[in-house]
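As a basis for the values below, the full set of heavy atoms in this structure was taken, side chains included, without hydrogen atoms, waters or symmetry mates. Numbered from 1 within each chain, the chains take letters A, B, ... in sequence-line order.
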Number of protein chains: 2
Amino acid sequence: MLSQVAFKEPQVHFRPHQFLAREDEEPAVIFQIDEGWACRYRLLSDGRRQITALYLPGDYCDPQWALGGKPSQPIVALTNVRASYFPCSPPAASGTGGPSAFWLSLSDMIERQTNWMVTLGRKTALERVAHLLLDLFERLRRSGLAYGQQCAMPLTQTEIADMTGLTPVHVNRTLQLLRARGLVELQAKWLRIPDLRALRQAAAVRNQGATA
Amino acid sequence: MLSQVAFKEPQVHFRPHQFLAREDEEPAVIFQIDEGWACRYRLLSDGRRQITALYLPGDYCDPQWALGGKPSQPIVALTNVRASYFPCSPPAASGTGGPSAFWLSLSDMIERQTNWMVTLGRKTALERVAHLLLDLFERLRRSGLAYGQQCAMPLTQTEIADMTGLTPVHVNRTLQLLRARGLVELQAKWLRIPDLRALRQAAAVRNQGATA
DNA sequence: CGGACTATTGAAGACGTTCAAGGTATGTGG
DNA sequence: CCACATACCTTGAACGTCTTCAATAGTCCG
């Protein structure tokens with residue numbers, strides 16, 4: 001599939017549920033998502049699923065592959081995805097002054113992963129869902145994909161459950177609680193956050209610098 | 001690699017509860033643990049604590065610092081710790097054939113972190129504690145610090161609770177369950193695993209290659 | 001020997017799960 | 001345009017795992 005080399009940036013498309021990478025398969029390339037959402041996950045033998053990373057436009061997928069080793073978890077498209085790709089060797093190796101954007105993005109991902117360990121280990125359902133919605137909004141905003149206080153939110157409640165370590169039923173009830181408290185407006189795959197500060201507090205996350 | 005530097009390496013010692021690094025403080029050096037255990041954690045405003053990484057002998061602390069950015073979580077010694085240290089720039093940048101041991105260790109750490117997200121999000125108390133003990137044993141064994149089926153286990157039940165996202169009380173009960181089922185023997189800070197395969201199954205982890 | 005931390009036990013309660021059913025939206029082919 | 005299928009969302013009730021609170025016993029170390 002990837003063998004077709006184009007003149008410009010090589011690009012590739014995926015439909016929902018299509019795999020960008022499979023478990024234990026040597027990755028041929030690293031993707032950069034141009035449009036759409038994807039996720040990495042692990043399935044336990046009895047069907048329990050945990051999503052361990054979400055890839056949004058601009059994200060590398062997966063930066064870790066540049067360090068060597070096969071992907072231990074599959075990556076699948078959640079929506080239609082358009083992506084560029086390039087060889088697995090780190091783009092423009094470090095050493096040239098500051099760390100490149102690529103390595104910074106790896107650092108970001110590790111940081112985000114660490115924050116999620118805290119959320120999964122110690123937070124209530126409300127805090128978990130709040131953290132997720134907040135995370136999505138702020139990442140999309142940094143990429144210029146937020147419009148005022150709004151952004152896209154294509155995840156189903158089952159997918160939210162698999163990110164937050166809850167059941168879909170309880171995610172449903174938790175979203176109702178968040179709506180009832182006026183912390184989020186969420187409908188038709190579109191998210192609006194009336195009061196970012198309030199949601200941050202509800203998510204029990206450290207106050208990031210940017211408040212604008 | 002780093003442990004084989006001929007001339008005297010600079011070394012430091014830490015006592016239990018002493019900080020190796022504080023939050024938001026520019027790290028001056030990267031440590032390599034020579035002896036003892038340390039951990040990274042985050043504290044929520046109401047006192048909930050989640051440990052997000054455990055550093056055992058041989059581990060770098062923290063490899064992520066080579067990518068730039070300040071540590072967002074403190075690192076504290078759990079036991080007496082002896083450590084070497086060196087500047088934060090990545091030791092012997094990559095490009096010389098395969099990735100260096102340093103980068104592989106970063107890759108290991110990311111992998112371990114991802115596995116912990118699955119455990120914290122989707123596993124029962126028994127599976128969590130089993131996973132932790134298994135993880136410790138296998139890491140120590142790889143460093144030659146296991147003796148047959150046994151290894152040191154200096155963590156208190158409260159520390160186990162802060163790793164597994166449980167309460168100390170429930171950790172206590174879960175350990176009793178593990179003992180009653182003959183999956184672990186644990187006393188006087190010493191761990192024995194009678195049947196590694198059985199414990200792996202109880203932990204619901206993917207079967208690693210090495211079974212010996 | 002005293003004090004602080006660690007481990008253990010019991011009882012009550014909360015948060016989230018499970019099971020089951022019904023309702024709503026979306027897309028497809030006739 | 002409708003009938004139908006599939007996925008997604010919503011609601012209720014019962015249950016279970018883990019938490020919380022509280023008290024006692026054990027261990028370490030000056």
**Report entry** For A:Asp24, side-chain contact (heavy atoms from CB on, under 4.5 Å) partners two or more places apart
**Finding:**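 Residues passing side-chain contact (heavy atoms from CB on, under 4.5 Å) with A:Asp24: B:Arg206.
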Query raised in the report: Aromatic ring centroids of B:Trp103 and A:Trp103 under 6.0 Å?
Result: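 Yes.
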Query - Pair A:Tyr60 and A:Phe102, ring centroids less than 6.0 Å apart - result: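 Under 6.0 Å, so yes.
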Report task. State plainly whether the residues B:Glu138 and B:Arg112 are in salt-bridge range, i.e. N to O under 4.0 Å. Result ->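 No salt bridge links B:Glu138 with B:Arg112.
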**Report entry** A:Arg48/A:Asp162 salt bridge by N-O under 4.0 Å criterion
**Finding:**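 The answer is no: the pair does not qualify as a salt bridge.
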Report task. Give, ordered by number, those residues of residues 117-130 of chain B having at least one heavy-atom distance below 4.0 Å to an atom of DNA chain C; if nothing qualifies, reply none. Result ->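 Nucleic-acid contacts, sorted: none.
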Report task. May I have the distance from A:His170 (atom NE2) to D:dT17 (atom C1'), rounded to whole angstrom? Result ->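 Between C1' of D:dT17 and NE2 of A:His170: 14 Å.
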**Report entry** Nearest-Å distance for atom pair CG/P, residues B:Leu166 and D:dT17
**Finding:**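 One finds 14 Å between P of D:dT17 and CG of B:Leu166, rounded.
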Requested in this report: Report the relative orientation of the aromatic rings in A:Tyr147 and A:Trp190; use parallel for angles under 30°, tilted for 30 to 60°, perpendicular for over 60°.
Outcome: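 Aromatic pair A:Tyr147/A:Trp190 classed parallel.
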Query raised in the report: Hey, what's the ring geometry for A:His131 with A:Trp116, parallel, tilted or perpendicular (30° and 60° as the breaks)?
Result: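 A:His131 and A:Trp116: parallel rings.
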Query raised in the report: Taking it one step at a time, do A:Leu191 and A:Glu185 satisfy side-chain contact (heavy atoms from CB on, under 4.5 Å)?
Result: CA-CA 6 Å; A:Leu191 168 68; A:Glu185 292 164 32; over 6 Å; no
Query - Test ring pair (Phe, Tyr, Trp, His ring centres under 6.0 Å) applied to B:Tyr41 - qualifying residues, sequence neighbours left out - result: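 Ring pair (Phe, Tyr, Trp, His ring centres under 6.0 Å) check on B:Tyr41 returns nothing, list empty.
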Could you tell me if [Y] and [X] have a donor-acceptor pair between their side chains, going purely by distance under 3.5 Å?
{"X": "A:Arg192", "Y": "A:Gln150", "value": "no"}
{"X": "A:Glu111", "Y": "B:Ser72", "value": "yes"}
{"X": "B:Gln113", "Y": "A:Thr114", "value": "yes"}

Report summary line: With sugar-phosphate taken as primed atoms, P, OP1 and OP2 and all else as base, the protein-contact string of nucleotides 21-30 of chain D at under 4.0 Å (heavy atoms; B, S, -) is B---------
Sort me out a list of protein N/O and nucleotides 6-9 of chain D N/O pairs below 3.5 Å, or just none if empty.
| unit_1 | atom_1 | unit_2 | atom_2 | d |
| --- | --- | --- | --- | --- |
| D:dC9 | OP1 | A:Lys189 | NZ | 3.3 |
| D:dC9 | OP2 | A:Gln157 | N | 2.9 |

Query - B:Pro71 to B:Arg22 - nearest heavy-atom pair and separation - result: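 Taking B:Pro71 first and B:Arg22 second, the nearest heavy atoms are CG-O, 3.8 Å.
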Query raised in the report: Using a heavy-atom cut-off of 4.0 Å to chain B, what are the terminal contacting nucleotides of DNA chain C, in 5' to 3' order?
Result: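 First-to-last contact on DNA chain C, by the 4.0 Å heavy-atom rule, is C:dT6 to C:dA11.
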